[in-house]
Amino acid sequence: MAAARAVLPDSAEGVPLHEPSFKGNEWRYVKDCIDSGWVSSAGTYVTRFEDALRQTTGAGHAIATCNGTAALHLCYLLAGVEPGSEVIAPALTFVATINALAYCGARPHFADCSALTLGLDPERLADHLERIAERRPEGLYNKESGRRIAAVVCTHVFGHPADLDALVTLCRRWELPLIEDGAEALGSLYGGRHVGTYGLLGALSFNGNKILTTGGGGAVLTDDEALARQAKHLSTTAKLDHAWRYDHDALGYNYRMPNLNAALGCAQLEQLDGFLAAKRVLAARYGEALAPLQGVRFVAEPPGTRSNYWLCSILLRSDCRDRREELLEALHRVGLHARPVWKPMHHLPMYADAPRMDLQVTEDMAARLVSLPSSVALA
Ligand SMILES: *Cc1c(COP(=O)(O)O)cnc(C)c1O
């Protein structure tokens, strides 16, 4: 605790886990929306924000949405996730990754994480698929449940990239589309390339607690032009383009990002490099302050990647895991709003009976991870 205190400022109100930072053109662009009257579903900031996202991520296409969960839902629909199918998904993730599957009428099939990346473990997943998967003319099936396996989704936990090369290879071998939940990972690179661009589709979030915020928002990333067009179409009630006629050719959603939020996003994206630099400074300080401690270790970016260090986190030594509540209480007592990682998804009542592989690493990580205050302003 003293190590965390040494890194963080004294504050009477306490130090939150993650706060947004508005030091750029936020006021100017948002005011411009209000002055011009273009606050909602039309206006130029959405296009500008999408262009800037393409530039930042190198994705062929970026489609802004009202939140990251909606972006994930669109990714799944476009990847062909249909009612009754199963999707290989991490048990160590935020609940939205899995909820959006349930919105499609699909079931998660939980896979374990790697202790190194916290993302899906491709090697053990490969073994698991060898055991349970069966190719049929109509696609890949789970022999045990009889359901089609429609896709794989991986999460880049805390902004640390999952092992994408191995996951892409695995998905190719089984002819499964890969979807990346990059909600926490704007600015994170794997092999020099932005995450969210390795899979068929990727999702980002710009919720208030993410590295960059639009108030609420998200985006779908893809290199596939037809999928991009469909993502836009489904996010705008599947309305056919016409000056006055209302005609819709599919079940659509109201998932587009309002212009007001995109204006905030444009101003925030201009500052992303600074945010990323600040995160690295904070991560390095935590790393240094925690290095002498025996009972914990700082969670560093996996080799070959550049994490955005969205949430700086520590891993308690195995024999200290029973003392996590004690640590959290001590941190909160002095105003440091640390938090444990999510309860694993297979422990939630909605997903308790979902099929799964052995999840021992997830169980272990879930009992030992603690995220520390990580706002950009702390650097
Ligand atoms: C934040 C988050 C989401 C959901 O994004 P929202 O914009 O809050 O809907 C999905 N997955 C992960 C891993 C997240 O951290």
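Only a predicted model underlies this, so the values are computations on that prediction, with no experimental measurement involved. We count ligands from 1, going down the list as the structure has it; atoms in each ligand are counted the same way. The residues of the chain are indexed from 1 along the displayed sequence.
Between His156 and ligand 1 there is no heavy-atom distance shorter than 4.0 Å.
Residue-ligand proximity, Ala183 to ligand 1, at heavy-atom distances under 4.0 Å covers atoms 2 (C), 3 (C), 10 (C), 11 (N), 12 (C), 14 (C). Using a 4.0 Å cut-off to heavy atoms of Asn67, the atoms of ligand 1 that qualify are 7 (O), 9 (O). For ligand 1, the atoms closer than 4.0 angstrom to any heavy atom of Lys210 are 1 (C), 2 (C), 14 (C), 15 (O). Listed by number with element, the atoms of ligand 1 under 4.0 Å from a non-hydrogen atom of Gly217 are 7 (O). Atoms of ligand 1 lying under 4.0 Å from at least one heavy atom of Thr155, given by number and element, are 13 (C). Against a heavy-atom cut-off of under 4.0 Å, Gly68 is close to the following atoms of ligand 1: 5 (O), 6 (P), 7 (O), 9 (O).
Of the N and O atoms on the side chains of His156 and Asn308, not one donor lies less than 3.5 Å from an acceptor on the other residue. For the 3.5 Å distance criterion, the side chains of Tyr190 and Glu180 fail to qualify, holding no donor opposite an acceptor. Inspection of the Thr237 and Asn254 side chains reveals no N or O donor paired with an N or O acceptor under 3.5 Å. Counting only N and O atoms by type, the side chains of His160 and Ser307 include a donor and acceptor under 3.5 Å apart.
A side-chain contact (heavy atoms from CB on, under 4.5 Å) with Val299 is found for one member of Leu369, Ile314, Val370 and no other, namely Leu369. Each of Asn261, Asp51, Asn259 was compared with Val46 under the side-chain contact (heavy atoms from CB on, under 4.5 Å) criterion, and only Asn259 meets it.
In terms of N/O distances under 3.5 Å, ligand 1 is approached by Glu184.
In Thr69, the parts holding a heavy atom less than 4.0 Å from any atom of ligand 1 are both the side chain and the backbone. Only the side chain of Asp181 comes within contact range of ligand 1, with a heavy atom under 4.0 Å; no backbone atom does.
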Would Arg54 and Glu50 satisfy salt bridge (Lys or Arg N to Asp or Glu O under 4.0 Å), going step by step from the backbone distance to the final call? CA-CA 6 Å; Arg54 277 197 290 112; Glu50 289 174 338; over 6 Å; no
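Rounded to the nearest 0.5 Å, atoms CZ (Arg148) and CD (Glu86) are 11.0 Å apart.
For atom 5 (O) of ligand 1, the closest non-hydrogen atom of the protein is Ser205 OG, 3.3 Å.
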